[in-house]
Novice: 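Next up is a structure, given as structure tokens.
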Amino acid sequence: MGKLQESPFKGKTGLTRLINAFGYSLDGMKAAFRHEDAFRQLTMLALILIPLAFLIHAAPLARAMLVASSLATLIIELLNSAIEAAVDHTSLERHPLAKRAKDMGSAAQLLGLINLATVWGIVLFG
């Protein structure tokens, strides 16, 4: 059995690792914005909702929940898109496990959107 090949970036530590990780994160955000319609749509929604959270009369904890629920949909969409990309990289043929993985990612986003609507509804309407 061959030796498991590690990423050449795995050995980086300290500030170098943080700088590299930040760069990879920005690359991921750029890729999602460039290639994923849903991520662009959710980003636009967050650009409306997050400032709105600071304009409405709400307690600090409620405001934090409004912002967190908006950011959660972006996080979920990044993970959903990553699952889809990994599945498609593995194979483009239809397979029940590939469908299950993609459907579960989609279900996670549906729950995130339900959470977003619920939190905003509770804060705005009690």
Novice: About how many Å separate CG of Asn80 and CD1 of Ile75, when rounded to the nearest 0.5 Å?
Specialist: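 The CD1 atom of Ile75 sits 13.5 Å away from the CG atom of Asn80.
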Novice: Provide the closest heavy-atom pair for Ala98 versus Val87 in the form atom of the first, atom of the second, distance.
Specialist: CB-CG1, 3.4 Å
Novice: Which residue pairs pass the salt bridge (Lys or Arg N to Asp or Glu O under 4.0 Å) test with at least one member in residues 94-122, sequence neighbours excluded?
Specialist: Asp88-Lys102, Lys99-Asp103
Novice: May I ask whether Ile76 and Ile83 are part of the same hydrophobic cluster, defined by side-chain heavy atoms of I, L, V, M, F, W, Y residues being less than 4.5 angstrom apart, directly or through others?
Specialist: no
Novice: Ignoring hydrogens, what is the shortest heavy-atom contact between Pro51 and Ala46? Give both atom names and the distance.
Specialist: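 The pair with the smallest heavy-atom distance is CD-O, 3.7 Å.
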Novice: Name all residues meeting the side-chain hydrogen bond (donor to acceptor under 3.5 Å, both in side chains) criterion together with Asp27; count only those two or more places apart in sequence or in a different chain, and write none if there are none.
Specialist: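 Once residues adjacent in sequence are excluded, Asp27 has no partner under the side-chain hydrogen bond (donor to acceptor under 3.5 Å, both in side chains) criterion.
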Novice: Test Thr90 against His95 for side chain to side chain contact (heavy atoms under 4.5 Å, CB included), laying out the working first.
Specialist: CA-CA 11 Å; Thr90 303; His95 189 280; over 6 Å; no
Novice: Only counting residues at least two apart or in another chain, list the ones meeting side-chain hydrogen bond (donor to acceptor under 3.5 Å, both in side chains) with Asn115.
Specialist: none
Novice: Any non-hydrogen side-chain atom of Leu78 less than 4.5 Å from a side-chain atom of Met29?
Specialist: yes
Novice: Heavy atoms only: give me the nearest Phe39-Phe33 pair and the separation to one decimal.
Specialist: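 Phe39 and Phe33 have their closest heavy atoms at CD2-N, 3.6 Å.
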Novice: Over all heavy atoms of both residues, which pair between Met65 and Val119 is shortest? Give the atoms and the distance, please.
Specialist: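 For Met65 and Val119, the tightest heavy-atom pair comes out as O-CG1, 3.7 Å.
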Novice: For the CZ atom of Arg63 and the CG atom of Leu52, what is their distance to the nearest 0.5 Å?
Specialist: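 One gets 10.5 Å once the value is rounded to the nearest 0.5 Å.
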Novice: Do Phe54 and Leu49 sit in one hydrophobic cluster, given that two such residues count as connected whenever their side-chain heavy atoms are within less than 4.5 Å of each other, even indirectly?
Specialist: yes
Novice: When you group the ILVMFWY residues by side-chain heavy-atom contacts below 4.5 Å and let the links chain together, are Met44 and Leu66 in the same group?
Specialist: yes
Novice: Hey, could you give me the OG1/CD1 distance between Thr73 and Ile114, rounded to the nearest 0.5 Å?
Specialist: 13.0 Å
Novice: Taking atom CD1 of Ile19 and atom CG of Leu15, what is their separation to the nearest 0.5 Å?
Specialist: 4.0 Å
Novice: How close do Trp120 and Ala53 get, heavy atom to heavy atom, and via which atoms?
Specialist: CH2-N, 3.8 Å
Novice: Can you name the closest pair of heavy atoms from Val123 and Ala58 and give their distance?
Specialist: CG1-CB, 4.1 Å
Novice: Shared ILVMFWY cluster between Tyr24 and Leu79, side chains joined below 4.5 angstrom?
Specialist: no
Novice: Pairing donors with acceptors under 3.5 angstrom, does anything connect the side chains of Ser81 and Glu77?
Specialist: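 Glu77 and Ser81 do have a side-chain donor-acceptor pair below 3.5 Å.
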Novice: Verify the cluster assignment for Leu111 and Leu116: are they in a single hydrophobic cluster under the rule of side-chain heavy atoms below 4.5 Å apart?
Specialist: no
